[in-house]
K.L.:
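Got a structure for you, written out below as structure tokens; questions coming shortly.
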Amino acid sequence: MSEGKGYRGPKGTYDVYPGGREPHERPELWAFVESVARERFRRYNYQEMRLPVFEEAQLFIRSVGEASDIVRKEMFLFQDKAGRELALRPEGTAGAVRAYVEHNLFKQAQPLKLWYYGPMFRHERQQKGRYRQHTQLGVEVLGSSDPLVDVEVISLLYDLHQAIGVREEVVYLNNLGDMETRRAYVPELRAFLEENRSELDPDSVARLDANPLRTFDSKDPNTQSLLDEAPTIGEFLSEEASAHLGTVREGLETLGVPYEIDERLVRGLDYYTMTVFEAKSAALGAQDTVGAGGRYNGLISTLGGPDLGGIGFGTGVERILLAAASRDAAASTRAFFVTLTPEARMLAFGLAAALRAEGVSCDLDYADRSAKGQFKQADRVGADFAVILGEDELQDGVCKLRDMKSGEERTVSVSDGGKDLLRAVAN
RNA sequence: GUGAUCGUAGCUCAGUUGGCAGAGCAUCGGGUUGUGGUCCCGAAGGUCGCGGGUUCGAGCCCCGUCGGUCACCCCA
């Protein structure tokens, strides 16, 4: 299949199609998620934004961070014909903030509460819940540093997941502090790690200089047990950061969002400050983060805007569907036309058009099926009614209307362009 | 990028010491010259991922390659 004949989707991608096996391959589940998400965003008063799927590569390098894995090894990079360095977006925040600054949206009433939805691209080896093209629902609240905004964003994430049916979800919360906190904490952590350098795994040693906070991401057991002894950021939080965290916790408790403080929670994107959070589901595999985000109080000014705060989350739709209890959506069509003679097909087609024009879903056979086959198809598409047109019916200007559930049939006139049929089929 | 494992019909999978490529489900038709969801019968559907090699002979053994899955790394 890989050579000569037959194409496959690119490595690390998947298709959504009728009969798809995995939850994220089933169109009806996507439609469900999309409708729930839109409804939640409406309730919380978020407005939609639509952004390009590629941007100048430099935008991501500056915002996500040169040292981050996303920038260092996971971006799809390409040049356009004029030689511009572009990248398929690996995440949504950079583009949203770029648009916010570019269109002077900070001049509107603040904060601006935004949501977006679309594909993200990362050049990674795929595994359960991880694809090279995946889809994120995201929100950004720009122009406020109010801790209650943090509460709203986190609770919206949780609410959204619960409305869709994510199982065994826990939100992990941490505060990475402001610059003051980091200036005090990072040297202490680095000193501790240097002292114990010989006990660290190679990846952690490599991270020591660039970003010692990331050592906490290590899954190496030795490193993890060593980190039990490490100084924690909680001891170093500035008064402001500490108060901020306190308000966020109080807010989450007020709203009943289940969360746990995890002082080892750091994030792989460099723009985060203060509040960071990850929603995990035990129903997933090793990639158990179903949604995550945090505050980025320096990002707007870094990208050329005013010194305003922002916070957002991204949540992966594929992982939501994987973590949610699977559901079955029954097919549903109001009426299926069964034609028993070729002469009836054009009449059926006209009647179908008349019903469709009035909002009634209906269909007919395009596969030259036998009568039996057409009834079988009617059953398969979940038709409530079969509209039967044979020689006798044509002669009398009627159809037989069969209730597929009860099997009862009655005769309905079709000589009036379908008005009687519409009445009989409508509910 | 690293490792393990798997690629046979649309789907789920059998396939013996290397010897004519199979089943169930799904599809189409027939049993019911015009009636589905149960049942019975039948048909159609494959370059056994791809390319080399060994052999009289390869789905099976060897090498390579592409892809899936899972894990590491990292993240949604």
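Just so it is clear: chains get the letters A, B, ... in the order the sequence lines come, proteins before strands, and each one is counted from 1. Below, all heavy atoms of this structure are taken into account, side chains as well, without hydrogens, waters or symmetry copies.
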K.L.:
In whole Å, measure the gap between the P atoms of C70(B) and A44(B) for me.
P.N.:
38 Å

K.L.:
Any N or O donor-acceptor pair under 3.5 Å from the base of U35(B) to the side chain of Glu409(A)?
P.N.:
yes

K.L.:
Between Arg132(A) and Asp368(A), name the one whose nearest nucleotide on RNA chain B is closer to the 5' end.
P.N.:
Asp368(A)

K.L.:
Would you mind reading off the distance between Arg21(A) atom CZ and U12(B) atom C1', rounded to a whole angstrom?
P.N.:
8 Å

K.L.:
Can you give the donor-acceptor pairs under 3.5 Å from side chains of residues 338-348 of chain A to other protein atoms, not counting sequence neighbours?
P.N.:
| residue | atom | partner | partner atom | Å |
| --- | --- | --- | --- | --- |
| Thr341(A) | OG1 | Glu343(A) | OE1 | 2.4 |
| Arg345(A) | NH2 | Asp365(A) | O | 2.7 |

K.L.:
Which part of the nucleic acid, if any, lies within reach of Ile388(A) when heavy atoms closer than 4.0 Å are counted: base, sugar-phosphate only, or nothing?
P.N.:
base

K.L.:
What integer number of Å spans the P atoms of C11(B) and U47(B)?
P.N.:
12 Å

K.L.:
Looking only at side-chain N and O atoms, does Thr135(A) come under 4.0 Å of OP1 or OP2 in A76(B)?
P.N.:
no

K.L.:
Test of understanding: with salt bridge (Lys or Arg N to Asp or Glu O under 4.0 Å), list the residues that count as partners of Arg21(A), not counting sequence neighbours.
P.N.:
none

K.L.:
Work out how far the C1' atom of C61(B) is from that of A71(B), and round it to whole angstrom.
P.N.:
29 Å

K.L.:
For the side-chain hydrogen bond (donor to acceptor under 3.5 Å, both in side chains) test, which of Thr273(A), Asp178(A), Asp150(A) pairs with Arg295(A)?
P.N.:
Asp150(A)

K.L.:
Starting at atom NZ of Lys372(A), determine the distance to atom P of A43(B), rounded to an integer number of angstrom.
P.N.:
16 Å

K.L.:
Enumerate, atom names and distances included, each donor-acceptor pair closer than 3.5 Å involving a side-chain atom of residues 59-67 of chain A, sequence neighbours excluded.
P.N.:
| residue | atom | partner | partner atom | Å |
| --- | --- | --- | --- | --- |
| Ser63(A) | OG | Leu59(A) | O | 2.7 |

K.L.:
Quote, to the nearest angstrom, the C1' distance that separates A23(B) from G45(B).
P.N.:
14 Å

K.L.:
Check Ala352(A) against Leu364(A) and note the closest heavy-atom contact, atom names and distance.
P.N.:
CB-CD2, 4.0 Å

K.L.:
Would you classify Ala378(A) as touching base, sugar-phosphate or nothing, given that sugar-phosphate means primed atoms plus P, OP1 and OP2, and contacts are heavy atoms under 4.0 Å?
P.N.:
nothing

K.L.:
Just how far, in rounded Å, is C1' of A76(B) from CZ of Phe277(A)?
P.N.:
12 Å

K.L.:
Dot-bracket for RNA chain B, please. Rules: Watson-Crick or G-U, both distances under 3.5 Å, ( ) within the strand, [ ] when a pair crosses earlier ones, | for another strand, . otherwise.
P.N.:
(((((((..((((.....[..)))).(((((.......))))).....(((((..]....))))))))))))....

K.L.:
Write down the distance separating the P atoms in C75(B) and G59(B), rounded off to the nearest Å.
P.N.:
46 Å

K.L.:
Assess whether side chain to side chain donor-acceptor pair (under 3.5 Å) is satisfied between Arg26(A) and Tyr17(A), documenting all intermediate values.
P.N.:
CA-CA 6 Å; Arg26(A) 293 167 52 187; Tyr17(A) 55 95; over 6 Å; no

K.L.:
Hey, does His24(A) have a side-chain heavy atom less than 4.5 Å from the side chain of Thr135(A)?
P.N.:
no

K.L.:
Considering heavy-atom distances to RNA chain B, does Glu391(A) or Asp379(A) have its closest nucleotide positioned more toward the 5' end?
P.N.:
Glu391(A)

K.L.:
Rounding to an integer number of angstrom, what distance separates G22(B) and U16(B) when you compare their C1' atoms?
P.N.:
14 Å

K.L.:
Rounded to whole angstrom units, what separation is found between the CG atom of Leu401(A) and the C1' atom of U35(B)?
P.N.:
14 Å

K.L.:
So, are Arg402(A) and Glu409(A) salt-bridged, with charged N and O less than 4.0 Å apart?
P.N.:
yes

K.L.:
Nearest-Å distance, CG (Leu340(A)) to C1' (G36(B))?
P.N.:
13 Å

K.L.:
Do any side-chain nitrogens or oxygens of Ser370(A) fall under 4.0 Å of OP1 or OP2 in G29(B)?
P.N.:
yes

K.L.:
Between the protein and nucleotides 25-27 of chain B, list the N/O to N/O atom pairs that are separated by less than 3.5 angstrom.
P.N.:
| residue | atom | partner | partner atom | Å |
| --- | --- | --- | --- | --- |
| U27(B) | OP1 | Arg380(A) | NH1 | 2.2 |

K.L.:
Rounded to whole angstroms, how far apart are CD on Glu278(A) and P on C75(B)?
P.N.:
9 Å

K.L.:
What integer number of Å spans the C1' atoms of G24(B) and U33(B)?
P.N.:
33 Å

K.L.:
Just call it for Glu393(A): base, sugar-phosphate, or nothing, with non-hydrogen atoms closer than 4.0 Å on any strand.
P.N.:
base

K.L.:
On a whole-Å scale, what distance lies between the P atoms belonging to A9(B) and G46(B)?
P.N.:
10 Å

K.L.:
So, under a plain 3.5 Å distance rule, would you say the side chain of Arg8(A) forms a donor-acceptor pair with the base of G49(B)?
P.N.:
no

K.L.:
Atom NE2 of His123(A) and atom P of U2(B): how far apart are they, to the nearest Å?
P.N.:
12 Å

K.L.:
Under 30°, 30 to 60°, or over 60°: which ring-plane class applies to Phe41(A) and Trp115(A), parallel, tilted or perpendicular?
P.N.:
parallel

K.L.:
Whole angstrom is fine here: how far is it from OH in Tyr271(A) over to P in C75(B)?
P.N.:
11 Å

K.L.:
Between Tyr131(A) and Tyr14(A), is the ring centre distance below 6.0 Å?
P.N.:
yes

K.L.:
In a check of side-chain contact (heavy atoms from CB on, under 4.5 Å) between Asp288(A) and each of Lys280(A), Glu168(A), Arg319(A), which one passes?
P.N.:
Lys280(A)

K.L.:
CG/Asp159(A) to CD1/Ile154(A) distance, rounded to the nearest 0.5 angstrom?
P.N.:
13.5 Å

K.L.:
For nucleotides 68-73 of chain B, give me one character per nucleotide, 5' to 3': B if any protein heavy atom sits under 4.0 Å from the base, S if the only such contacts are to the sugar-phosphate, - if neither.
P.N.:
SSBBBB

K.L.:
Does Arg122(A) use its side chain to pair, donor to acceptor, with the backbone of Pro90(A) at less than 3.5 Å?
P.N.:
yes

